[in-house]
Amino acid sequence: MTTSNSIEKVKGGMEDEKLKVIIEKVELGRNLKLVHGVAILIGVIIGSGIFVSPVGILKETKSVGFSFVMWIICGLYNCLCALCFAELGTTFPQSGGEYIYIHRAFGDGVAFVSLWISFILICPVAIAACSLIFSVYILQPYFPNCKVPDLGVNLLAASVFTLLVAINCWNTKWATKIQVVITASKLIALLTVIVIGFYYIIGLGETENFKNPFEGSDFSAGAIAISFYSGFWAYSGWSYLNFLVGELVDPHRNLPRAILISMVIVIVTYLIANVAYVAVLTPAQMLSSPAVAVTFGEHTMGVMAWLMPVLIAISVCGTMNGCALGFSRLFYVGSTKGQLPAFMGMIQQKRLTPSPSLLVILIMTLIYTSTGDIFFLIEMEGFGFASVLTMVFAGQVYLRYKEPDLPRPIRLPILLPIILCIVSFLIVALTFYQKTRESLMALGLVGFGLVMYIVCVVWKNKPKFIQQKMYAINTLIQKCLIVLPVDDPDSVDWD
C-alpha cells in the first residue's frame with residue numbers, strides 16, 4: 001500500500017470551500033483462487049432449492065420420470081446462462097457482474113434499472129427468504145406440534161445474517177474460508193442422502209417407485225413452464241462469482257473453469273439426490289412434504305433425524321454468505337459510477353472490505369425479513385432476477401454488433417444469448433401472469449427507482465443546500481466507518 005499525493009476536491013458544489021484530503025491508495029485485492037471461486041458458486045447454488053424444489057417440480061410434472069427430465073433441462077439452461085456470463089466476465093474482468101455488462105451495452109439509464117432491481121429486489125429479498133428458511137429449520141425441532149412463533153423466526157433470521165455481515169466486513173478471506181467450510185458441510189448432507197438412497201436401491205432392492213416412471217405425466221406448456229420456474233430457483237446463484245471477478249486470481253482462466261466445474265458438480269449432485277429421494281419416498285409422500293430432505297431424514301435416520309434440518313440450515317447459510325460477498329461488490333461498483341450514494345463506493349481503510357455496501361444490504365434485509373412470508377419473497381426475487389437476465393443477454397447480443405472487434409477470450413455462438421434472452425423474457429411474462437400481485441409490486445418498486453434516478457443522477461444542478469446535506473451525510477458515514485473512496489479510478493474500466 002502506497003501513499004498518494006495530496007489532492008484538492010471541491011465537495012457538494014460549494015464554490016468557496018475546498019477540502020484537502022490525503023488518502024492512501026485503497027483497492028480490493030485479488031485474494032480469490034479457483035478453489036474459492038468453486039466453493040462460492042456451489043455454496044450459493046446449493047441452498048434450500050434441492051431440499052424444497054423437488055416437491056414443486058413433481059407437483060407440476062405429475063411423474064417421477066418427467067420430473068427428472070425437467071431437472072436436466074433446468075440444469076442445462078442454467079449452465080448455458082453461466083457460459084454466457086463466462087464470456088462477459090472474461091471480456092470485462094471487473095467486479096460488478098451484470099451491471100457492468102448492461103452499462104457497456106446500453107449506458108447509464110438501463111444499467112441503473114438493473115442495478116436498482118438488484119438493490120431493491122434481488123439481493124435483500126433473496127437473503128431475507130434464506131434467513132427465514134434458516135430460522136424455521138433450526139427452530140422447528142423445538143416446536144414439534146405447533147407453528148414456530150413469528151417473533152422467534154424473525155429474531156434468529158436477523159441475528160444470523162448480522163453475524164455473516166460482520167464477518168464479511170472484518171475480513172474477506174474469513175468469509176471465503178467460511179464459504180468453503182459451509183460448502184463442504186452441505187455436500188456431506190447431500191452425500192448422506194445419496195448413500196442412504198442407494199442403499200435402499202442396491203442393498204434393499206427398493207425400486208417400486210421407479211416403475212412406469214412417466215405414467216400420468218403432464219406435458220402441457222403450463223406445467224412445463226411452472227416446473228421450470230421451480231428448477232430455475234434451485235439452480236440460481238451461478239452468476240454471483242462475476243461480481244467478484246476483480247478479486248479473482250487470473251480471472252480469464254479461473255472464471256470459466258470455476259463456472260464449469262461448479263455447474264457440473266451441481267447438476268450431477270441434484271440428479272443423484274433426486275434418485276435417492278425417490279428410492280425412499282413415494283411420490284405421494286414427497287408431495288405432502290414441505291421440505292423433502294426433512295421427510296427423508298424422518299424415514300431413514302431414526303434418532304438422528306434432527307441432524308437433517310441442521311444441515312439444511314447450514315446450507316442456507318452458505319447462500320446468504322455468497323449473496324453478501326457478491327452483491328456488496330455490485331453495489332460498490334455501482335456507487336463508483338455515481339448511481340448509488342457515494343459512501344457505498346468506499347472501502348474500509350485497513351481491511352479493504354466494502355463495509356458500507358454490506359451494512360446497507362443488512363438494513364434492507366432486516367426490513368424484508370420482518371414480512372415473514374418466505375414464498376412471497378421468493379416470487380419477488382424470481383421476477384427481478386429473470387428481468388435482469390433478459391437485459392444481460394439482450395446486451396450481450398447488441399455488443400456483438402456495437403463492438404465486434406472487442407477482444408473476447410471466450411466467444412460463444414451468437415444464437416445462444418439470443419435464445420436465452422427470449423427464454424428469460426418468457427419467464428418474466430409467465431411470472432407476471434401467474435403472480436400478478438407480486439409482479440405489480442415489483443414493477444412499482446422499479447418505477448420508484450426511475451424517479452430516484454432522475455432526481456439523484458440525472459438532475460445535476462441541485463440547489464446548494466441539498467448538495468451540502470448529501471456531502472455532510474457521506475462525510476459522517478466516512479468518519480464513522482473509517483472508509484475511503486477508491487484511489488484508482490482505472491480499477492473500474494467503463495469504456
Side-chain angles (χ1 to χ4, degrees), residues 46-75 133 136-137 140-141 143-148 189-235 269-313 315-316 374-375 378-379 434:
I46 302 180
S48 58
I50 187 57
F51 305 114
V52 178
S53 287
V55 177
I57 293 180
L58 181 61
K59 180 181 178 182
E60 300 300 329
T61 58
K62 302 293 192 302
S63 72
V64 170
F66 193 31
S67 70
F68 286 176
V69 171
M70 287 308 304
W71 275 105
I72 295 174
I73 292 175
C74 292
I133 292 172
V136 169
Y137 284 136
Q140 189 63 61
F143 299 88
N145 300 317
C146 62
K147 183 178 180 293
V148 180
L190 284 174
L191 182 62
T192 301
V193 170
I194 291 168
V195 170
I196 293 175
F198 276 80
Y199 169 73
Y200 269 67
I201 296 174
I202 299 174
L204 302 181
E206 296 286 348
T207 59
E208 183 68 25
N209 296 335
F210 295 97
K211 294 181 178 179
N212 301 317
F214 289 91
E215 184 177 358
S217 298
D218 186 350
F219 296 106
S220 67
I224 293 173
I226 297 175
S227 63
F228 184 89
Y229 187 69
S230 295
F232 184 73
W233 175 57
Y235 281 105
T269 302
Y270 277 11
L271 288 175
I272 297 175
N274 275 278
V275 171
Y277 287 144
V278 176
V280 174
L281 303 174
T282 66
Q285 289 173 324
M286 291 179 65
L287 290 174
S288 64
S289 171
V292 66
V294 175
T295 305
F296 181 94
E298 292 172 351
H299 280 75
T300 61
M301 298 178 67
V303 296
M304 296 299 292
W306 60 269
L307 185 60
M308 192 57 69
V310 173
L311 293 174
I312 293 174
S315 175
V316 174
I374 295 172
F375 293 103
I378 290 173
E379 291 158 4
Q434 295 288 339

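Note: hydrogens, waters and symmetry copies are ignored here, and every other heavy atom, side chains too, is used. Model, not experiment: these values are computed from the prediction.
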Residue pairs, two or more places apart or on separate chains, that pass side chain to side chain donor-acceptor pair (under 3.5 Å) and touch residues 62-73:
Ser63-Ser217, Trp71-Asn274
If the plane angle is over 60° it's perpendicular, under 30° parallel, otherwise tilted; pick one for Tyr235 and Tyr270.
tilted
Euclidean distance, [Y] [atom2] relative to [X] [atom1], rounded to 0.5 Å:
{"X": "Leu287", "Y": "Leu58", "atom1": "CG", "atom2": "CG", "answer": "4.5 Å"}
{"X": "Ile272", "Y": "Tyr277", "atom1": "CD1", "atom2": "OH", "answer": "12.5 Å"}
{"X": "His299", "Y": "Thr282", "atom1": "NE2", "atom2": "OG1", "answer": "7.5 Å"}
{"X": "Glu60", "Y": "Phe66", "atom1": "CD", "atom2": "CZ", "answer": "11.0 Å"}

For the residue pair [X] and [Y], what are the closest heavy atoms and their distance?
{"X": "Thr61", "Y": "Met70", "value": "CG2-CG, 3.7 Å"}
{"X": "Leu190", "Y": "Ala273", "value": "CD2-CB, 4.3 Å"}
{"X": "Asn209", "Y": "Val280", "value": "ND2-C, 4.4 Å"}

All pairs passing salt bridge (Lys or Arg N to Asp or Glu O under 4.0 Å) where residues 210-219 contributes a residue, at least two apart:
Glu208-Lys211
Under the side chain to side chain contact (heavy atoms under 4.5 Å, CB included) rule, collect the residues that match up with Ala279, sequence neighbours excluded.
Tyr200, Ile201, Phe210
Residues in side chain to side chain contact (heavy atoms under 4.5 Å, CB included) contact with Val64, at least two apart in sequence or another chain:
Phe68, Val278, Pro283
Could I get the full list of ring-ring contact (aromatic ring centres under 6.0 Å, His included) partners for Phe198, not counting sequence neighbours?
none
Any side-chain heavy atom of Val195 within less than 4.5 Å of one from Leu191?
yes
